[in-house]
Amino acid sequence: MIYVNGDEQPDAATVAALLERLGVGAQARGVAVALDGEVLPRSQWQLAPLAPGTRVEVLGAIQGG
Amino acid sequence: MRFRVAETESEAEAAAKGGDDEFVLAGRTLPSRLLLGSGGFTSFELLARAVEASGAALVTVAMRRIDPQARGSLLDVLEGLGVAVLPNTAGCYTARDAVMTAQLAREALQSDWVKLEVIGDEHTLLPDAPELLIAAEQLVADGFIVLPYTTDDPILARRLEDVGCAAVMPLGSPIGSGMGIGNPYNIALICERAGVPVVLDAGVGTASDAALAMELGCAAVLCASAISRAEDPVAMAEAIASAVHAGRLASLAGRIPRRLYATASSPQAGMPDLG
């Protein structure tokens with residue numbers, strides 16, 4: 001299990017794979033990812049392994065301010 | 001109350017002609033002194049029409065967990081309008097959260113500009129001064145162009161400038177309150193002493209508030225709720241844009257001093273004897 005935006009979800013091999021599953025797409029513009037409270041640069045999305053138990057935050061731009 | 005006076009005649013003249021009165025923020029020349037917050041618009045279509053009516057070239061966005069069910073893309077809409085996006089750190093209560101949010105925004109939007117907000121409580125949404133200063137210092141060191149939302153405290157504004165912020169953005173009154181400029185003396189003091197642009201960033205309720213901000217010496221006004229929550233947001237966008245322009249002209253033109261007693265505008269000499 002991993003925790004994606006606060007919800008339990010099945011494991012994914014990489015952030016890129018997770019984003020595909022979420023329907024966001026690994027090429028998505030305007031999206032940023034943090035793993036366990038640290039920003040994961042876009043260049044690492046394909047590469048960094050996603051260990052079970054990881055807290056993943058997937059953020060995007062919305063109306064505000 | 002002190003108001004800024006024009007530094008040179010040519011500056012005022014240029015503004016009056018709509019000419020070379022450029023607004024330069026962190027090295028970027030912006031065509032409008034009105035910045036727009038994107039929050040509160042009930043549709044992208046309304047947001048787009050308000051952006052156009054406002055003339056704003058810089059529009060704020062917030063960073064939140066993505067909603068895979070969300071329809072349409074805010075960024076596509078803003079890109080289509082040709083405006084630059086300014087991410088904020090709204091909702092952050094600590095320097096750590098604000099720095100992290102800014103870093104995520106940089107990653108998402110490929111821009112190192114950030115409207116820094118670190119708030120102290122949910123009822124007033126007033127800035128938490130110590131946390132704000134810590135976050136500002138860290139973000140500047142990390143290469144960000146930091147535009148902090150701050151209180152109307154001239155000393156804090158100076159401290160923010162000292163740590164390298166590219167502007168200071170004092171509130172007129174609490175976010176979304178529409179209460180206008182509660183302490184115009186402080187805003188004027190901040191403007192008088194600041195070496196970076198001062199952008200009035202919260203509290204505008206209607207056009208006259210924006211004009212006053214500019215008359216007090218602000219370089220620009222950032223406005224969200226006053227426009228997005230107006231009965232007619234597009235008309236209010238146009239009204240506030242006009243007010244910002246008018247206030248800028250008035251600031252450069254140099255207003256007359258306030259006096260307790262009248263000063264005749266018609267000459268005393270040459271009065272006839274009608275006795």
Side-chain angles (χ1 to χ4, degrees), chain A, chain B residues 35-44 46-47 58-70 73-79 85-91 96-97 99-111 114-115 117 142 147 149 169 175-176 201-202 222-225 228:
Chain A
M1 285 294 174
I2 53 177
Y3 300 90
V4 181
N5 287 349
D7 292 332
E8 270 193 13
Q9 288 213 11
D11 288 337
T14 61
V15 166
L18 172 65
L19 291 178
E20 289 293 347
R21 195 169 78 202
L22 292 174
V24 176
Q27 304 305 317
R29 250 171 15 105
V31 173
V33 175
L35 301 185
D36 290 330
E38 296 290 334
V39 180
L40 185 74
R42 186 172 287 256
S43 58
Q44 299 294 305
W45 287 1
Q46 303 273 359
L47 307 170
L50 201 47
T54 303
R55 286 180 298 114
V56 186
E57 293 287 334
V58 186
L59 272 65
I62 62 151
Q63 286 176 242
Chain B
L35 317 181
L36 187 67
S38 68
F41 291 96
T42 52
S43 69
F44 286 162
L46 195 56
L47 167 64
L58 195 57
V59 178
T60 69
V61 299
M63 298 300 296
R64 291 292 181 272
R65 286 172 167 174
I66 58 156
D67 174 6
Q69 266 75 55
S73 163
L74 174 62
L75 294 179
D76 287 346
V77 171
L78 295 177
E79 191 178 75
V85 172
L86 176 62
N88 68 27
T89 63
R96 186 191 174 281
D97 281 2
V99 168
M100 180 88 184
T101 301
Q103 290 169 340
L104 284 161
R106 177 166 65 183
E107 193 62 29
L109 302 171
Q110 304 296 307
S111 162
V114 64
K115 178 188 164 186
E117 298 182 40
D142 195 13
L147 312 173
Y149 163 65
M169 308 211 296
I175 293 170
D201 182 15
L222 198 163
C223 210
S225 303
S228 67

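To find a chain, count down the sequence lines: A is the first, B the second, and so on, and within it residues start at 1.
Remark: B:Arg64 CZ to A:Gln63 CD distance equals 12.5 Å, nearest 0.5 Å. From A:Ile62, atom CD1 reaches atom CG of B:Leu75 across 11.0 Å, with rounding to the nearest 0.5 Å. Remark: B:Ser73 OG to A:Arg29 CZ distance equals 5.5 Å, nearest 0.5 Å. Summarising the geometry, atom CE belonging to B:Met63 is positioned 11.5 Å from atom CD belonging to A:Glu57; distances are rounded to the nearest 0.5 Å.
Taking each heavy atom of A:Gly65 and B:Ala224 in turn, the nearest pair found is O-CB, 3.1 Å. Closest non-hydrogen pair, A:Ala32 versus B:Glu107, comes out as CB-CB, 4.0 Å. In this structure, B:Val61 and A:Ala61 approach most closely via the heavy-atom pair CG2-CB, 3.9 Å. Taking each heavy atom of A:Arg42 and B:Gln110 in turn, the nearest pair found is NE-NE2, 4.3 Å. Among all heavy-atom pairs drawn from B:Ile66 and A:Leu59, the shortest one is CG2-C, 3.5 Å.
For A:Val33, the part lying under 4.5 angstrom from a heavy atom of chain B is the backbone only. Both the backbone and the side chain of B:Phe41 come within contact range of chain A, each with at least one heavy atom under 4.5 Å from a heavy atom of that chain. In this structure, chain A has no heavy atom under 4.5 Å from any part of B:Asp201. At a 4.5 Å heavy-atom cutoff, B:Arg106 makes no contact with chain A through either its backbone or its side chain.
B:Thr60 places a side-chain N or O within donor-acceptor distance of the main-chain N or O of A:Gly64, the cut-off being under 3.5 Å.
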